[in-house]
Amino acid sequence: MAKHELLCKIGPSVLNSDLSKLYSESERLLKCGADYLHLDVMDGHFVPNITFGHPVVKCLRPKLPGIFLETHMMVSNPEQWIEPSADAGVDQYTFHVEATSDVARVCRKVRESGMKVGIALKPGTDVTAVSGYVDLADMVLVMTVEPGFGGQKFMADMMGKVRWLRRHHPGLDIEVDGGVGLATIDACAEAGANMIVSGTAVIGAEDPSKVIATMRRVVEGHITRGDGDR
Ligand code: DX5
Ligand code: ZN
């Protein structure tokens, strides 16, 4: 697939928003220009934190018709939550390659359930752990912090993985997540990421729409120039 067919998509993470107002915060972010929502599901086992799960997404779903919902499954047994997530109306199920011994099976089951497939990599995991499964996935998520908490520092040394994936898979959706904001978006875009998760940099901004628009401009500029195809 040609590089110019890639689309820039900005998906704010609601993790660090006021979770008592999950719906209105989601609406606010969408009004500010978000293309999709990145929902961080944590089980307290795969990561040392707990957030929410498919019952919450199921409540949110009918209030946000047509909005693309990605769940970032930071859970130990990703296969367990495929069916309930599909039932809840999740559009993309992004699970961690480290959390299963049968990545291909989880990919297949997610796809069979009608959701898109995302495969995520922790910072310590080599990109070769996913290279054999790219054909079974719609997107690869390169984590740029240790999963578990928002507001951490961006790990620039993860950009080598993004660059490698972009070079070998010009049409693949590549997402970055963790510490991404105005100061780090250029590195992500230059390396070849086209799906951008941003939590605190958007939620905490005085003008979230400006942050989203700026990040979009940077990513679209790199896509047009064909950066990452190097
Ligand atoms: C971390 C989550 C991220 C996080 C992003 O475990 O997967 O989605 O909430 O937040 P920031 O942008 O603040 O790092
Ligand atoms: Zn996430």
Side-chain angles (χ1 to χ4, degrees), residues 1-17 26 28-40 67-70 72 91-92 94 116-121 123 127 130 134 137-145 147 150-230:
M1 201 184 290
K3 55 189 174 280
H4 60 261
E5 289 175 37
L6 280 178
L7 289 178
C8 163
K9 291 175 202 153
I10 312 283
S13 158
V14 296
L15 181 62
N16 278 61
S17 65
S26 300
R28 179 171 76 97
L29 293 164
L30 291 161
K31 281 204 184 98
C32 287
D35 298 293
Y36 67 105
L37 295 177
H38 176 93
L39 303 170
D40 288 303
I67 302 302
F68 193 88
L69 301 179
E70 174 194 23
H72 177 191
D91 295 293
Q92 179 167 305
T94 299
K116 283 193 162 190
V117 181
I119 309 181
L121 280 167
V127 70
V130 294
V134 171
D138 297 288
M139 190 206 84
V140 173
L141 161 55
V142 175
M143 288 300 298
T144 44
V145 297
Q152 301 182 77
K153 191 173 178 294
F154 178 77
M155 298 165 82
D157 50 341
M158 296 299 117
M159 292 306 98
K161 296 187 207 178
V162 175
R163 201 166 279 119
W164 188 94
L165 285 164
R166 179 56 69 222
R167 193 177 327 122
H168 291 87
H169 303 281
L172 178 68
D173 279 328
I174 303 175
E175 185 180 63
V176 282
D177 178 15
V180 180
L182 294 181
T184 53
I185 189 65
D186 195 63
C188 299
E190 188 275 329
N194 67 305
M195 290 183 68
I196 309 298
V197 176
S198 183
T200 46
V202 169
I203 301 286
E206 214 165 284
D207 186 353
S209 32
K210 201 167 167 191
V211 176
I212 291 175
T214 305
M215 292 198 294
R216 187 187 306 288
R217 204 174 322 119
V218 173
V219 175
E220 285 179 346
H222 282 284
I223 290 175
T224 306
R225 286 197 295 279
D227 294 348
D229 185 31
R230 32 256 150 185

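All figures in this text were calculated on a predicted structure; none of them were measured in a lab.
Judged by distance alone, the side chain of Asn194 and the main-chain N or O of Leu7 form a donor-acceptor pair under 3.5 Å. In this structure, His168 contributes its side chain and Trp164 its backbone to a donor-acceptor pair below 3.5 Å. In this structure a side-chain-to-backbone donor-acceptor pair under 3.5 Å is missing from Thr144 to Phe154. Side-chain N or O atoms of Lys161 include one that pairs as donor or acceptor with a backbone N or O of Pro123 at under 3.5 Å.
Two residues are said to be in side-chain contact when any heavy atoms from C-beta on lie closer than 4.5 Å; Ile119 and Leu141 fail this criterion. Residues Glu175 and Ile196 fail the side-chain proximity criterion, which asks for heavy atoms closer than 4.5 Å. A 4.5 Å side-chain heavy-atom check between His38 and Met195 finds every atom pair outside the cut-off. Taking the side chain as every heavy atom from C-beta outward, Arg166 and Ile174 approach each other to under 4.5 Å. Residues Val14 and Leu29 have side chains in contact (heavy-atom distance under 4.5 Å, counting atoms from C-beta outward). The shortest distance between side-chain heavy atoms of Met159 and Val176 falls below 4.5 Å. With contacts defined as side-chain heavy-atom distances shorter than 4.5 Å, the pair Lys9/Arg216 does not qualify.
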Determine, step by step, whether Val202 and Met215 satisfy the side chain to side chain contact (heavy atoms under 4.5 Å, CB included) criterion, reporting the C-alpha distance in whole Å, the side-chain angles of both residues, the deciding distance to 0.1 Å, and the verdict. CA-CA 10 Å; Val202 169; Met215 292 198 294; 4.0 Å; yes

Verdict with supporting geometry, His72 and Asp177, side chain to side chain contact (heavy atoms under 4.5 Å, CB included): CA-CA 10 Å; His72 177 191; Asp177 178 15; 3.2 Å; yes

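Between Ile212 and Ala34, the closest heavy-atom pair is CD1-N, 4.0 Å. Ala189 and Val219 get closest at one heavy-atom pair: CB-CA, 3.8 Å. Listed here is the closest heavy atom pair of Val145 and Gly179: CG1-N, 4.0 Å. The two residues Asp35 and Cys8 come nearest to each other via the heavy atoms OD2-O, 4.0 Å. When all heavy atoms of Cys188 and Val162 are compared, the closest pair comes out as O-CG1, 4.4 Å. Counting all heavy atoms, side chain and backbone alike, Thr94 lies closest to Met139 at OG1-CE, 3.9 Å.
Pairs passing the ring pair (Phe, Tyr, Trp, His ring centres under 6.0 Å) check and including a residue from residues 179-201, sequence neighbours excluded, do not occur.
To the nearest 0.5 Å, atoms CG (Leu69) and CG (Leu37) are separated by 6.0 Å. The OG atom of Ser198 sits 8.5 Å away from the CD1 atom of Ile203 when rounded to the nearest 0.5 Å. Here the OH-CD1 distance, from Tyr36 to Ile10, works out to 8.0 Å after rounding to the nearest 0.5 Å.
Thr200 is linked by a side chain to side chain contact (heavy atoms under 4.5 Å, CB included) to Asn16, counting only residues two or more places apart in sequence or in another chain. Among residues two or more places apart in sequence or in another chain, the side chain to side chain contact (heavy atoms under 4.5 Å, CB included) test is passed with Lys116 by Phe68, Gln92, Asp138.
Looking at His222 and Asp186, their side chains do bring a donor and an acceptor atom within 3.5 Å of each other.
Salt bridge status for Glu190 with Arg163: present, with a side-chain N to carboxylate O gap under 4.0 Å.
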